[in-house]
Amino acid sequence: MQLSREDLLKAYKQMRTIREFEERVHKEFATGKIPGFVHLYAGEETSAVGICMQLNGTDYISSTHRGHGHCIGKGCDVEGMMKEIFGREGGLCRGKGGSMHIADLSKGMLGANGIVGGGPPLACGAALAAKERKTGGVAVAFFGDGAFNQGTTLESMNLASVYQLPVLFVLEDNGYAETTSSEWSIGGHNPVLRARGFGIHGERVDGHDFFAVYRAAQEAVIRIRKGAGPQFIHVEFTRYYGHFEGDAMSYRPPGEVNEERKFLDCLTFFRGRVTSAGLLEGSALDKIDKEVEQQIDDAVTAAKKASPPKAKDLVTDVYKSY
Amino acid sequence: MQLSREDLLKAYKQMRTIREFEERVHKEFATGKIPGFVHLYAGEETSAVGICMQLNGTDYISSTHRGHGHCIGKGCDVEGMMKEIFGREGGLCRGKGGSMHIADLSKGMLGANGIVGGGPPLACGAALAAKERKTGGVAVAFFGDGAFNQGTTLESMNLASVYQLPVLFVLEDNGYAETTSSEWSIGGHNPVLRARGFGIHGERVDGHDFFAVYRAAQEAVIRIRKGAGPQFIHVEFTRYYGHFEGDAMSYRPPGEVNEERKFLDCLTFFRGRVTSAGLLEGSALDKIDKEVEQQIDDAVTAAKKASPPKAKDLVTDVYKSY
Amino acid sequence: MAKKSFRQALNEAMRQEMERDANVIVMGEDIAGGMGAKGEQDAWGDVLGASKGLLPKFGRERVYDTPISESAFIGAAAGAAINGLRPIAQLMFVDFFGVCGDQIINQMAKFRYMFGGKATTPVVIRTLFGAGLRAAGQHSQCLYPIFTHIPGLKVVIPSSPYEAKGLMIQSIRDDDPVIFFEHKAMYDDEEDVPDEPYTLPLGKARIVREGADATIVAIGRMVKFSMQAAQELEKAGIKCTVIDPRTTSPLDTDAILSGTKKTGRLVVVDEASPRCNMATDISALVAQNAFKELRAPIKMVTPPHTPVPFAPELEDIYVPSPAMIQAAVTEVVRYR
Amino acid sequence: MAKKSFRQALNEAMRQEMERDANVIVMGEDIAGGMGAKGEQDAWGDVLGASKGLLPKFGRERVYDTPISESAFIGAAAGAAINGLRPIAQLMFVDFFGVCGDQIINQMAKFRYMFGGKATTPVVIRTLFGAGLRAAGQHSQCLYPIFTHIPGLKVVIPSSPYEAKGLMIQSIRDDDPVIFFEHKAMYDDEEDVPDEPYTLPLGKARIVREGADATIVAIGRMVKFSMQAAQELEKAGIKCTVIDPRTTSPLDTDAILSGTKKTGRLVVVDEASPRCNMATDISALVAQNAFKELRAPIKMVTPPHTPVPFAPELEDIYVPSPAMIQAAVTEVVRYR
Ligand SMILES: Cc1ncc(C[n+]2csc(CCOP(=O)(O)OP(=O)(O)O)c2C)c(N)n1
Ligand SMILES: Cc1ncc(C[n+]2csc(CCOP(=O)(O)OP(=O)(O)O)c2C)c(N)n1
Ligand SMILES: [Mg+2]
Ligand SMILES: [Mg+2]
């Protein structure tokens, strides 16, 4: 695993973009400007970025209700995302989907999904299409620890195994499904073993360490492209905010998140690692921080300026023809 | 594992009853007297009998579309069963359910099920009720190799594991799901490992050998009653008839079934084993054969004599009150 | 008797029934909350807090947090119900019925009939429905027409806190499977709700108000909107009868037919998607059985045939409004 | 042009479209049959044999047998459809929709709207429905009202072999998700079916016969029963118009309304359970839009609100019969 300077800068920029995006959405939500249910990805950046960096334009990802990070990782336009989250014209889904349904099929991003376990079957289908049409494409199914107990996810692992589909199953274990701990909800407490039970090779990685995720993802995607069939990665980290905005997280011991942020933050970790190793200089990272801050600020400004959808849009886009 | 003479006689009688029942239903179906879809259990007798012999009146079983054997194993009245299969008054379900829905809740038989994977959640519920009400009851979920890939089954294994429910999951692997081989459909080809992936201890047994099934079932049920939580058994055998009556089985190599019947039949095996070991004498078994034949013959005669449901029954039994 | 919210009314109903009958249990995702976590237990009391306080009172023996495995735990509720318990299982949002529908429509709904009348399945499926929270296409549907369509299920849709408590208690005591719909945008509505347990019958409509000029039949939150419309219309001298069926299965056809015959003019208000919904069900009932008495075409007020949009500006015009109801009533009343 | 069965018509339609467009694939349980087995491949060609012959012609690359994992493979069909393929996936019996409903009602149906018009999902879900085979409660339902209720889905219900071929080809070419209903009791029905490919439009009703006394709107197998009833009625001097909507979503409301206005008397025949079904949907449409022209109450002919029974004697009186349709028409015609 050799990351070029460009790769390192790209990795940091994307993770930073996700973090900044989410923290800003958090602020805006608090002021009441963002409608609906919003689930933030902050704390889980390594997964979206470490994995999507292995992908290209012919590849696909299916996402979850916590999809902002996946969108950014797969290259969705942040202004279009922000407008969507605000429910405005110019949003990626023209304001009809919102945070839980952001999608950009032109980028191979098959959509955030309001249904837990909704994504894996779609990833299997995208992989099947890629295989059928010999595009060399791979599909990644991102799903949470809670979704790992949903029948749709489990069936998809079996289907991918039976068809030897080019699918990477990524279990994003942030410790909780809403208020429920993943240690409790996953019978057997051994996701890698469960994947093996479907004939899928898997690996567990520390999600605080970008390089660990990147390495595991790289190896898995290479195996998949070589035709080794579906692979599985269990990424462990924690979520920084409530399940959705408004959740007080009383089910977590006080300080749990602060501890994580203080000692295990993936951005701090990355910065320390690359600067101490002399791979990147702090100034380059500071520069990215500023650029990103500006970019997100512009996105929010644009979103607030954007006009809402028009009444006539209510009944369009239901069918191609009807 | 010590089986008393009574146990051995009971085991043989029940297996013989299932076999005779199914072969007779096969004949009657061919004459056009039995309506609907009928799935025969012949060849799989060891599972229903070996497992249900571990159960008592406080225990439950959920079944499948191939449920006649499970009914007999759990003590359902064969005449009531036969009448149900013929769609007659006096049938266990008063002619409204038929072969795919035979049930006798008073016997803890929660019903054959027309939905593949429909049973395991119900077994979890019965086990939960037993646990909640401290009856000491155990629930067995019988399901096929095809059903092992249904999300409802997989979710149920996780739920039972998480709640540590007194459930025995019995995978009846008869080699096929309709025309599809279980070697192909079960990703990973290792059901016991898959069960472990849900935190459930399992074992694979040769379903041609009643004693192997009995022993595994006995150990599993003892563990469950001791509070060890859910257990899993993978029983391997083959089905003697088509998926349902009318299936020509062209997907099976010619002679496959005859080979099985000739060399691996569970009844022949049982007879050989107990007579050669001097546990039972052939005459005792012959006597049972005759009794059973008579009993099934009486059941068929009674079923044919029974009158069909009355028109007014069409709209009854939908609700307790409405 | 104090003012209580819809949420509190549901909470009180469940608590009182759990006190009365040890066989009543509750199940659901985060129904208490904090399972296996190191912080506060009973952290949520379900996603909108209606079950809060049940865990401390009744313990994990009777309050089951579940994994995200709807087929397994909804099916388990059915399996427990045919074996002596009376589970209340929450399907968090009715939109999720697609991942567990079989256990509802083919299992619990059909046991009694398929087993020749020998099964009793006293289970309540609580579920959130309806638009208004900017929750978009997969968290805002009504879907009760689907359950109403299925023989063997009862479908209960309370239209206020008072109704919610009485209907919930009755649903828990009922011996058939009940799908209990709770409109998420009504959780904070308040009204006087008696402290003691009481029941409201399933299959008996409520005549919310009487008026001679037109009859409005409305469901769930639409009852409230219809009352607002009726008050406005009153000012214009148009007097409306408003009927709340309370349950769509069983449906109180007598009350709807006689209520319609009195005025000869009917408006049906349904928040569900327009095709094969309760508006069509009730319109058809009346068209077949009150033809002589009808003095104007039946008007249906429903959303358009589209998913529920996210943008507030769109969602607000998606949901039938009091103004739309008013316009519909005016139209049928003016009809000559 | 030769006589072909419903089964052959479907087979021909799929085969010809697969020849025409390499992106068309078929998926389903035992859709070919014999997967992983040592005997004959293409052993079944799906449970009723409509796909037989596709495997030898197109190979495993385009004919996918599946594990019994409806959520996964129906969802995979949707995922493949938004990425360039045009899958035809079989949900063997529509009764099984409860184990995979989400991928149909929340995923494929809503992509286009939720994604702001940017998704195209050309998938066909073939599925068997209807009573008559003694298949009992879990293998005999209609359920098309449920899919008709969901915006974003198209619902196609052919009433004969000729209709089946033309509608299947059009459904495969259509760019929206289509749920294609095949009545299992019609598979051996035969009629003249052209050998070459042809299409029948979705959303355009078929006027099966015209008569001035009463209008019958019927769906699927009920079209055939209605024609039998109409022939009997003809002898008694009662002339009926029979309309086959062909698709319930989109619904050809113009044809239904104008066809009803001509006679002023309507009977709607629907094999689906009576609540919130197509009989209520069409009755409501007419009650709201053809009030002036109606000269008698609308009559709905449907089964009772019960699961489908197993015993032949019960199933035979469960399903609406030509005699019941005849009686209903006579009643509306006699009405004064
Ligand atoms: C089928 C379904 N069940 C339940 C929900 C409600 N819900 C939304 S997110 C969530 C928790 C998901 O947990 P996890 O998969 O770990 O993802 P995370 O939120 O931790 O990222 C639940 C229960 C849903 N949206 N869909
Ligand atoms: C949910 C569902 N999908 C498909 C079917 C159709 N079907 C009935 S039995 C069967 C095969 C089941 O195979 P298996 O589980 O191995 O049981 P076996 O028939 O071998 O006993 C199938 C596909 C069904 N009844 N339910
Ligand atoms: Mg999580
Ligand atoms: Mg099998």
So, for [X] and [Y], which heavy atoms are closest and what is the spacing to 0.1 Å?
X: D/A272; Y: C/H149; answer: CB-CE1, 4.0 Å
X: C/H305; Y: D/G152; answer: NE2-N, 4.4 Å
X: C/P274; Y: D/D281; answer: O-OD1, 4.3 Å

[X] versus chain C, heavy atoms under 4.5 Å apart: side chain, backbone, both or neither?
X: D/V308; answer: backbone
X: D/M300; answer: both
X: D/L294; answer: both
X: D/I150; answer: both
X: D/Y335; answer: side chain
X: D/T148; answer: both

Chain D: which of [options] shares the most heavy-atom pairs with it under 4.5 Å?
options: C/P309, C/A290, C/G101, C/P297; answer: C/P297
options: C/K292, C/Q103, C/R112; answer: C/K292
options: C/C276, C/A284, C/G98; answer: C/C276

[atom1]/[X] to [atom2]/[Y] distance, rounded to the nearest 0.5 angstrom?
X: D/F291; Y: C/F291; atom1: CZ; atom2: CZ; answer: 7.0 Å
X: C/N289; Y: D/I298; atom1: CG; atom2: CD1; answer: 11.0 Å
X: C/R275; Y: D/T280; atom1: CZ; atom2: OG1; answer: 9.5 Å
X: C/I282; Y: D/S283; atom1: CD1; atom2: OG; answer: 13.5 Å

Donor-acceptor contact below 3.5 Å, side chain C/N106 vs main chain D/D95: yes

Contact class of C/S71 relative to chain D, heavy atoms under 4.5 angstrom: neither

Side chain / backbone / both / neither for C/M114 at chain D, heavy atoms under 4.5 Å: side chain

Chain C-proximal positions within residues 134-147 of chain D [heavy-atom distance under 4.5 Å]: D/G137, D/Q138, D/Q141, D/L143, D/P145, D/I146

